[in-house]
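Residue numbers count from 1 along this sequence. We count ligands from 1, going down the list as the structure has it; atoms in each ligand are counted the same way. Bear in mind that the values here come from a model prediction, so they are computed numbers and not experimental data.
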Amino acid sequence: MASSSFLIKPGSKVSLKDHKTQETGKFKDKAEAKAALKAGVERLAKYQDILYAANTHSVLIVFQAMDAAGKDSTIEHVMSGVNPQGCQVFSFKSPSAEERDHTYLWRNMKALPERGRIGIFNRSYYEEVLVVRVHPEFLAGQQIPEELKTDKGIWKQRFEEINNFEQYLSNNGTTVIKFFLNVSKAEQKRRFLDRINRPEKNWKFSASDLKERALWDDYQKAYEDMLSNTSTKAAPWYVIPADDKKFMRWQVAEIVGDRLKALKLKYPEVSEEHKQRLQEAKIALEAEED
Ligand code: ATP
Ligand code: MG
């Protein structure tokens with residue numbers, strides 16, 4: 001597990017007021033931050049190529065955040081340099097009828113990255129302990145056994161199920177990296193107003209965004225409990241200050257790059273026999289008349 005000042009130590013109790021939302025880091029201006037992100041993206045592309053060639057491991061990156069924290073644009077920027085063949089993004093919205101007819105990890109399981117690939121979850125199974133917790137009517141509407149709905153221990157149980165699931169992924173070669181993009185309430189207001197004021201951004205704003213904003217404190221509590229209970233050695237959480245988008249994107253690229261580096265993967269070794277075949281092919285190609 002690569003160290004980072006934004007890593008949530010397994011077992012620690014998280015209070016979000018102790019975590020910064022604003023951070024610009026070591027950069028003196030925007031241009032410097034942009035250049036650092038570019039270098040981070042290039043490094044990521046290099047490691048991703050090896051991940052793809054080795055075809056033994058995969059990486060699952062989970063993004064969770066309040067609305068307008070910048071999940072979409074972070075995914076866009078951080079993954080901008082990687083080969084699209086080695087990367088896949090899934091967004092999890094309110095579950096469909098078919099999805100509700102299964103246990104909650106089902107739709108996530110189907111979307112897990114194959115070996116050699118980086119899979120990104122834009123929201124995830126963690127919504128089951130966030131939006132579903134903040135809205136009791138969502139839990140009431142789930143097709144789960146009645147006794148589960150009234151069990152006060154349901155959130156602890158879900159944390160445990162999720163930890164076990166992520167441990168299983170880790171045991172089997174999937175590196176799980178989880179980001180909570182920590183935006184402030186004031187910055188969210190600014191970004192919502194921007195979405196309302198700029199016609200080309202209008203589509204990004206929906207009336208329900210304001211309803212969720214009104215539940216800000218409930219969400220913060222749900223996030224704190226989630227972070228306190230599901231940051232593990234196998235699948236740690238990183239809480240990234242999100243008010244400065246350039247800093248946030250650079251941090252995410254750095255952490256993913258560090259975690260990929262720590263895998264110490266190598267391009268597959270070619271056997272002596274294969275090398276022999278390569279030489280034969282080379283001679284044959286060079287002997288061809290143009
Ligand atoms: P974002 O706001 O992340 O950019 P979006 O606005 O494009 O995404 P929405 O239409 O807001 O997407 O859909 C995401 C919504 O689906 C969120 O409000 C989220 O809480 C909800 N959601 C996701 N998973 C679940 C779940 N398991 N149960 C209930 N609601 C869920
Ligand atoms: Mg939304």
Side-chain angles (χ1 to χ4, degrees), residues 21 60-79 88-112 119-145 148-149 154-155 157-159 161-162 165-166 178-185 187-196 198 200-227 230 239-240 242-243 245 248-249 252:
T21 55
L60 173 66
I61 309 176
V62 172
F63 285 97
Q64 287 291 158
M66 295 297 287
D67 280 311
K71 287 188 272 85
D72 294 10
S73 72
T74 300
I75 293 167
E76 181 189 337
H77 282 83
V78 173
M79 290 298 142
Q88 56 214 44
V89 185
F90 285 90
S91 297
F92 294 97
K93 313 251 179 208
S94 191
S96 67
E98 188 193 19
E99 288 166 348
R100 274 186 276 118
D101 223 4
H102 291 268
T103 51
Y104 68 91
L105 287 176
W106 181 75
R107 64 175 179 164
N108 298 273
M109 292 259 202
K110 288 200 303 175
L112 287 171
I120 295 171
F121 283 2
N122 184 348
R123 301 186 191 270
S124 65
Y125 41 90
Y126 280 102
E127 293 291 331
E128 290 290 331
V129 294
L130 294 167
V131 70
V132 177
R133 190 172 188 180
V134 169
H135 289 273
E137 70 276 18
F138 289 0
L139 184 67
Q142 291 192 345
Q143 278 165 253
I144 53 177
L148 254 185
K149 296 182 185 174
I154 186 166
W155 312 116
Q157 183 178 308
R158 287 191 173 177
F159 293 147
E161 288 158 359
I162 289 171
F165 171 60
E166 292 174 342
K178 303 180 298 197
F179 293 107
F180 170 54
L181 306 182
N182 190 20
V183 75
S184 66
K185 201 174 177 188
E187 179 62 18
Q188 189 196 53
K189 178 177 171 179
R190 207 190 59 72
R191 291 184 191 172
F192 277 171
L193 284 171
D194 192 51
R195 288 179 179 187
I196 294 165
R198 289 169 59 181
E200 74 278 17
K201 287 202 173 181
N202 283 174
W203 64 274
K204 279 193 177 184
F205 188 82
S206 77
S208 70
D209 289 347
L210 220 53
K211 287 198 195 125
E212 298 311 301
R213 178 175 166 82
L215 298 167
W216 185 273
D217 293 345
D218 294 346
Y219 271 108
Q220 295 290 105
K221 276 216 299 244
Y223 269 111
E224 285 174 342
D225 207 28
M226 175 200 83
L227 292 165
T230 59
V239 175
I240 311 292
D243 285 2
K245 285 192 172 183
M248 168 176 70
R249 292 167 189 162
V252 168

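Near K71, with a cut-off below 4.0 Å to any heavy atom, the atoms of ligand 1 are 1 (P), 3 (O). Near E128, meaning under 4.0 Å from any of its heavy atoms, are these atoms of ligand 1: 27 (N).
Between K201 and D194, at least one side-chain nitrogen of the basic residue sits less than 4.0 Å from a carboxylate oxygen of the acidic one, meeting the salt-bridge criterion.
For P95, every heavy-atom contact with ligand 1 shorter than 4.0 Å involves the side chain, none the backbone. Residue contacts with ligand 1, taken as heavy atom pairs separated by less than 4.0 Å, involve V132 solely via side-chain atoms from C-beta onward. In K93, the parts holding a heavy atom less than 4.0 Å from any atom of ligand 1 are both the side chain and the backbone.
Under the 4.0 angstrom criterion for non-hydrogen atoms, R107 is in contact with ligand 1.
With sequence neighbours excluded, the residues forming a side chain to side chain contact (heavy atoms under 4.5 Å, CB included) with E224 are S15, L16, listed by chain and number.
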Q) Between M66 and Q188, is a side-chain contact (heavy atoms from CB on, under 4.5 Å) present by the stated rule, with each step listed? A) CA-CA 8 Å; M66 295 297 287; Q188 189 196 53; 4.1 Å; yes

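Considering backbone and side-chain atoms together, S124 places no N or O closer than 3.5 Å to any N or O of ligand 1.
When the options V131, N122, V134 are ranked by their closest heavy atom to atom 30 (N) of ligand 1, first place goes to V131. Proximity annotation for atom 19 (C) of ligand 1: of E212, E127, K204, M66, E127 comes nearest, heavy atoms only.
When only modelled atom types and interatomic distance are considered, S73 and R249 share a side-chain donor-acceptor pair under 3.5 Å.
Within 6.0 Å of NZ on K221 lie no more than 12 heavy atoms contributed by other residues, nucleotides or ligands.
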Atom pairs and distances, donor-acceptor, side-chain atoms in residues 124-140, under 3.5 Å, two or more places apart:
unit_1	atom_1	unit_2	atom_2	d
S124	OG	Q64	OE1	2.7
S124	OG	Y126	N	3.0
Y125	OH	E166	OE2	2.8
Y126	OH	E166	OE1	3.1
Y126	OH	E166	OE2	2.7
Y126	OH	K178	NZ	2.8
E127	OE2	Q64	NE2	2.9
E127	OE2	R123	NH1	3.1
E128	OE1	Q142	NE2	2.9
E128	OE1	R158	NH1	2.9
R133	NH1	D225	OD2	2.8
R133	NH2	D225	OD2	3.4
H135	ND1	E137	OE2	2.9
H135	NE2	E212	OE1	2.9
H135	NE2	E212	OE2	3.2

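Checked against F121 for a ring pair (Phe, Tyr, Trp, His ring centres under 6.0 Å), the options F179, F92, F63 give a single hit: F92.
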